[in-house]
Amino acid sequence: MKTSKDIFKDKLQKEGDKALLVAKYMGVSADDIIDAYHELGLDSPITIVKSERNPYLEKGWGNGYVRIPEGHPYYGKNYEDIPVDVHGSLTFSNHIFGKDEYFSDGYWVGFDTAHYSDTLQRWPVDRVMEETLYLFKQIYGLE
């Protein structure tokens with residue numbers, strides 16, 4: 001008997017990121033979704049990026065981003081128009097063309113940890129990852 005993760009994985013293999021549009025109806029968890037991407041060797045729909053250090057500005061470890069496929073209600077929207085509850089609000093939305101060290105081709109939204117009172121102690125890498133997963137769950141209705 002196939003699990004919800006197996007069913008999602010099959011859909012992901014056939015449809016790519018479009019599978020995310022129905023993931024909430026499949027009973028698959030955010031962790032299983034991320035695992036499915038890794039198991040299939042696909043670019044993850046989430047990424048975290050380490051902040052550039054600035055000796056004059058204290059800030060957290062980095063920034064978190066989530067890829068949104070075409071067909072999603074938030075696709076192409078400005079980050080200010082996306083109603084999510086994430087640290088410091090969304091501060092980024094853009095279509096990335098091509099692929100680099102952190103991003104694959106697609107529409108990405110994200111947050112940063114460079115706000116007043118953000119520090120490495122308050123925003124280490126594991127907490128940035130947790131907040132990124134929280135953003136992912138909100139965007140795809142997986143809460």
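Since the model is a prediction, treat every value here as computed from it, not as a measurement. Sequential numbering from 1 along the given sequence is applied to the chain's residues.
Hydrophobic clustering (ILVMFWY, side-chain heavy atoms < 4.5 Å, transitive): M129 and V66 are in one cluster. Taken together through direct or relayed side-chain contacts under 4.5 Å among Ile, Leu, Val, Met, Phe, Trp and Tyr, Y75 and L142 form part of one hydrophobic cluster. L42 and I68 fall within a single hydrophobic cluster, where Ile, Leu, Val, Met, Phe, Trp and Tyr side chains are chained together by heavy-atom contacts under 4.5 Å. Linking ILVMFWY residues whenever their side-chain heavy atoms come closer than 4.5 Å, directly or via other members, places I82 and I46 in the same cluster. Under the 4.5 Å side-chain heavy-atom criterion for Ile, Leu, Val, Met, Phe, Trp and Tyr, I34 and L21 are members of distinct hydrophobic clusters.
For H95 and W108, the distance between ring centers is not under 6.0 angstrom. Taking the six-membered ring for Trp and the full ring otherwise, H72 and Y107 have centroids separated by 6.0 Å or more.
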Verify side-chain contact (heavy atoms from CB on, under 4.5 Å) between W61 and I48, making sure each step is shown before the conclusion.
CA-CA 10 Å; W61 180 88; I48 59 173; 3.7 Å; yes
Would Q138 and V84 count as a side-chain contact (heavy atoms from CB on, under 4.5 Å) here? Give the steps.
CA-CA 7 Å; Q138 288 179 78; V84 293; 3.6 Å; yes
Steps toward side-chain contact (heavy atoms from CB on, under 4.5 Å) verdict (V128, T113)
CA-CA 8 Å; V128 172; T113 60; 4.1 Å; yes
Could you walk me through whether K59 and T119 pass the side-chain contact (heavy atoms from CB on, under 4.5 Å) test, one step at a time?
CA-CA 4 Å; K59 53 186 161 182; T119 64; over 6 Å; no
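In terms of modelled atom types and a separation under 3.5 Å, the side chain of N94 and the main chain of I96 share no donor-acceptor contact. Put simply, the side chain of S4 gets close to the backbone of G27: a donor and an acceptor are under 3.5 Å apart. Between the side chain of D32 and the backbone N or O of V28 there is no donor-acceptor pair closer than 3.5 Å.
To the nearest 0.5 Å, atom CZ of residue R67 and atom OG1 of residue T47 are 9.5 Å apart. In this structure, the separation between CD on E130 and NE2 on H87 is 13.5 Å, given to the nearest 0.5 Å. Atom OG of S89 sits about 7.5 Å away from atom NE2 of H115, to the nearest 0.5 Å. Note that NZ of K5 is 7.0 Å distant from OG1 of T3, once rounded to the nearest 0.5 Å. Between atom CZ of residue R127 and atom CZ of residue R122 there is a gap of 9.0 Å, rounded to the nearest 0.5 Å. Distance OG/S93 to NZ/K77: 11.5 Å, rounded to 0.5 Å.
In this structure, the side chains of T132 and F111 come closer than 4.5 Å at one or more pairs of heavy atoms. Contact of the P83 side chain with the Y74 side chain is registered, since non-hydrogen atoms from C-beta on lie closer than 4.5 Å. With a 4.5 Å cut-off on side-chain heavy atoms, L90 and L135 count as touching.
Residue-environment remark: NZ (K18) exceeds the threshold of 12 foreign heavy atoms within 6.0 Å.
Side chains of T91 and D112: a donor-acceptor N/O pair is present below 3.5 angstrom, by distance only.
Annotation for G60 and S51: closest pair O-OG, 3.6 Å, computed over non-hydrogen atoms. Here the closest heavy-atom approach between residue D85 and residue Y134 is recorded as O-CE2, 2.9 Å.
Ring geometry for Y37 against F8 counts as tilted: the plane angle lies between 30° and 60°, on a 0 to 90° scale. The aromatic rings of Y65 and F92 lie perpendicular to each other, with more than 60° between the two planes, well past the 30° mark.
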